[in-house]
Amino acid sequence: MDHASLASTFNKDEPRVDWHDESLWWVRQKRDLQARSVADWEVLREVASAIKNNVLANLGTYLQAFESHAIKRGIVVHWAADAGEHNAIIHRILEENRITAMVKSKSMLTEECGLNAYLADRGIHVVDSDLGERILQLADERPSHIVMPAIHKKKEEIGELFHEFLGTPKGESDPQRLTEAARLHLREVFLTRKAALTGVNFAIAETGEFVVCTNEGNADMGAHLSDVHIASMGIEKLIPQREHLGVFLRLLARSGTGQPITTYSSHFSGPRQGQQMHIVIVDNGRSTQLGRADFKASLKCIRCGACMNTCPVYRRSGGYSYRTTVAGPIGSILAPNLDMRDYADLPFASTLCGSCTNVCPVKIDIHEQLYKWRQVLAKEGHVAHSKSLLMKGAAAVLSRPSWYQVSGKLLRWFLRHFPKIASKFTKWSDHRELPEAPKQTFAGWYKQNRVERNG
Amino acid sequence: MMTVGLFIPCYMDQLYPNAAIATLELLEGLSLDVVYPLHQTCCGQPLANSGFSHLTQGCNALFIENFSRFDYVVCPSGSCALHIKEHLSSLNQQEDATALASRVYELVEFLTDVIKIQALDASFPHKVSLHHSCHSLRGLYLAQMSELSSPTFSKPNDLLNMVDGLELVKLERSDECCGFGGTFCVFEEAVSAKMGKDRVDDHVVSGSEYITSSDMSCLMHMEGILKRNHSATKVIHIAEILNSKSAPNIEPKG
Amino acid sequence: MDSKRKILDAIARHKHPPVPLPDLDRLGFISGDQVAAFTATLTAIGGRSFQLGGKMAIAEKVRELWGGRGRVITTLDYLADVGEQVFPGDIIPQRLHDVELAIIEARYAVAENGAVWIPEVLMGHRIVPFICQHLAVVVPIGAILPTMHDAYRLIGSEQYGFACFIAGPSKTADIEQALVLGAHGPRTMTVFILVETT
């Protein structure tokens, strides 16, 4: 199913669409308030963008610097060319330590790699500790949003799940009480797990440290109580120097959730006494994207989710309509890199309104890349044949004034005389009336009233 | 005298001639030498936005042929004007194409930035709400964008405030997309219609009698929804308001 | 070919024009009452603060707020009377599961976002500020800085195994965007702004 069909299904329940739209619009409004509270907000975005451009131009150098500093700090660094290798590395680390249960904080990269399923198949029990992700794990669903994974779920549905799995009273749907139940349940998990996996928000080339941002404190509860801490990061998470964190930590939460900063910005710079700390650096298609001049800027993304919150299409189609780990506008420019055929519909799931580009804290030209992907996809033959024929026909007509005039005349005549039939021909009319066709075009009027009158 | 080539988008020529006539009359009223070249068709945007920019050479060649001779090209559609500005190309005369593209103006920005109009002889005693087309707003910067931390301004509001009797009403979401999106409106029909419905609701709830815009395509989409729901609210191109000479009983199309 | 080589080679295949790093000196440096700004921001994100004159006043305040309310630990010697003093190296993290209140010191506080900077050396153990039910942090009034840029300028190249900016109590909004304080970490966060009287 493509985006349009999945979105159409999502829209069958209009009150739910309204609820989804308003939940995310609320976050967008909080973001606006935060952005306006920072005097140099637009300068900050400019600076962040420049830093990330510098990173993309020096990625190899920074990765090597990061690795050597991390090793000096006692961190074990692994390199994974693709998802399979990433999963295998993590499995091996756990096996070597005879660990069969792990707690994990939010990491979209591990979602992208399908780590949970891979480990489950090998007898390793993984518990997601981010509340949203834990909810989805119990529901056997995937995140529909990278920052608010369970934004599509209603509290009553979560109450049902918690009743079934965590023993909360039937009918309990109060967020406070449900959160408390999850807290108690996960505290037990944190205290008994020997391994913890976290994501990485920023990795610093200059120092070899990495920063993990959470509001719940789950990454820290996992990591500091574990004997083995594994952090998974994409190669694009690098930033050059520690002081650059000042820029990104000012932007990340303000853009993403409308908070001045996440509750915890944890800087990991080496294992505790007696602890192992591993970093898995993952490519999985990123270096290919780096080679696409028009699209490499998508790798500047810091995964704040602002483009999803502001996207009028995402808000009304839901995260699942994108079928990707990263949904929304940014997901639509990342996904075709991995598989053009499967995700050829995504760059078209946009009106090109440009709001995504305006909220992006690192100034990725998201809507322009959507436009450019469309050109690539059409050229590579990933656009439906019928659409392609339609476009060729339109091009022929629009290139010849006389053909255009005749076609226009026929179209208007048809619209005027057979509006009911015309409306059956196009999906336009499912929810809209067709425009009324006038007898005379502007060109016709002009000839009559200006050209002929003036001789 | 300054020569102005009038570029009327294909769908306006065919379906909304009144908005085009209003544009022409408005420009003529400014003592400009305005000409509508008869062999024009389309800016090519429907092709390009669908991924087929490689099929737009015909449209580009026609545009260059029709408009190269003018000091300015004015177009009453932000979307089409933006497309030409950003994408007008030519295989053998790219310099000319680039120069021409830089002389293309959407109507509102032409009035405020080139003519620097200070007053209008127009009257429109109605409650009006402004729909920002995304391309006029985020492409041509006709007004401050809600996402950016920047000073407030609005070129279309400046013009509408010069109209006698007109009352501008405010929206909940000042610049959200209406969901037209070119071919998006049929290929993503469900989301497009829902976006349009939500946008229209915002205007209707504000008490607006007329939704106006510098883009007729957004208005066509919203008009379709208003009519399907038998709403009393109408759409009207901004040129028709600005050109509504103190005529007491103007009955615009819509 | 090993994966490291493979990835680095793939990256090296693409040549990019050099992009200079931007100058960060033009960022930050906000003037005004930073203590008031910090207090306001901290309150807005669910924390609270008290401006107190001297270390004894802090001990007094702790007694007033938490007297007799379960296990209290602290890294600060001047609070040894109100809580159990913990020392780095002695701590087995799981054994802190029942800590009601932890009182530690932060090095800096940031007015624009209500965060405090705590390097590992001030934590006792990395788990301390996360595992406790309530967290209290002492910050010298002179250590309140306007922005994150000012904080990182002072942090400089400080060495630590772990360090953290903490801004308010642990929180989540994962259930229908309803804000709940006390997700996995502390349910409350209190900052004692220390005004040295001597």
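In the text below, chain A, chain B and the rest are named by the order of the sequence lines, each starting its count at 1.
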_Let me confirm one number: the CZ-CD1 distance from A/Arg177 to C/Ile175, rounded to the nearest 0.5 Å._
12.0 Å
*Between CG on residue A/Leu225 and CD1 on residue C/Ile127, distance to nearest 0.5 Å*: 3.5 Å
*Examine whether an atom of A/Glu209 lies under 4.5 Å from a heavy atom of chain C, and if so say whether it belongs to the side chain, the backbone or both; otherwise answer neither.*
side chain
*asked:* Can you tell whether the side chains of C/Glu112 and A/Arg254 come within less than 4.0 Å, N to carboxylate O?
replied: yes
*Which portion of A/Val55 sits near chain C, non-hydrogen atoms under 4.5 angstrom*: neither
*asked:* Quick check: do A/Asn215 and C/Ser170 have side-chain heavy atoms less than 4.5 Å from each other?
replied: no
*Is any side-chain heavy atom of C/Lys4 closer than 4.5 Å to a side-chain heavy atom of A/Glu67?*
yes
*Give, for atom CG of A/Leu63 and atom CG of C/Leu8, the distance between the pair rounded to the nearest 0.5 Å.*
6.5 Å
*Could you grab the distance from atom CD1 of C/Ile166 to atom OH of A/Tyr264, nearest 0.5 Å is fine?*
6.0 Å
*Sidechain N-carboxylate O distance under 4.0 Å for A/Glu46, C/Arg26*: no
*asked:* Would you compute the distance between atom NZ of C/Lys171 and atom OG1 of A/Thr214 and round it to the nearest 0.5 angstrom?
replied: 10.0 Å
_Structural part of A/Leu186 lying under 4.5 Å from a heavy atom of chain C_ = side chain
*asked:* Closer than 3.5 angstrom, by distance alone: can the side chain of A/Arg242 be matched with the main-chain N or O of C/Gly156 as a donor-acceptor pair?
replied: yes
_Residue of the set A/His224, A/His229, A/His267 for which ring pair (Phe, Tyr, Trp, His ring centres under 6.0 Å) holds with C/Phe162_ = A/His224
*So which part of A/Ala80 gets closer than 4.5 Å to some heavy atom of chain C, the side chain, the backbone, both or neither?*
backbone
*Can you find a pair of side-chain heavy atoms, one from C/Pro20 and one from A/Asn54, that are under 4.5 Å apart?*
no
*Atom group of A/Arg73 that falls short of 4.5 Å from chain C, counting heavy atoms*: side chain
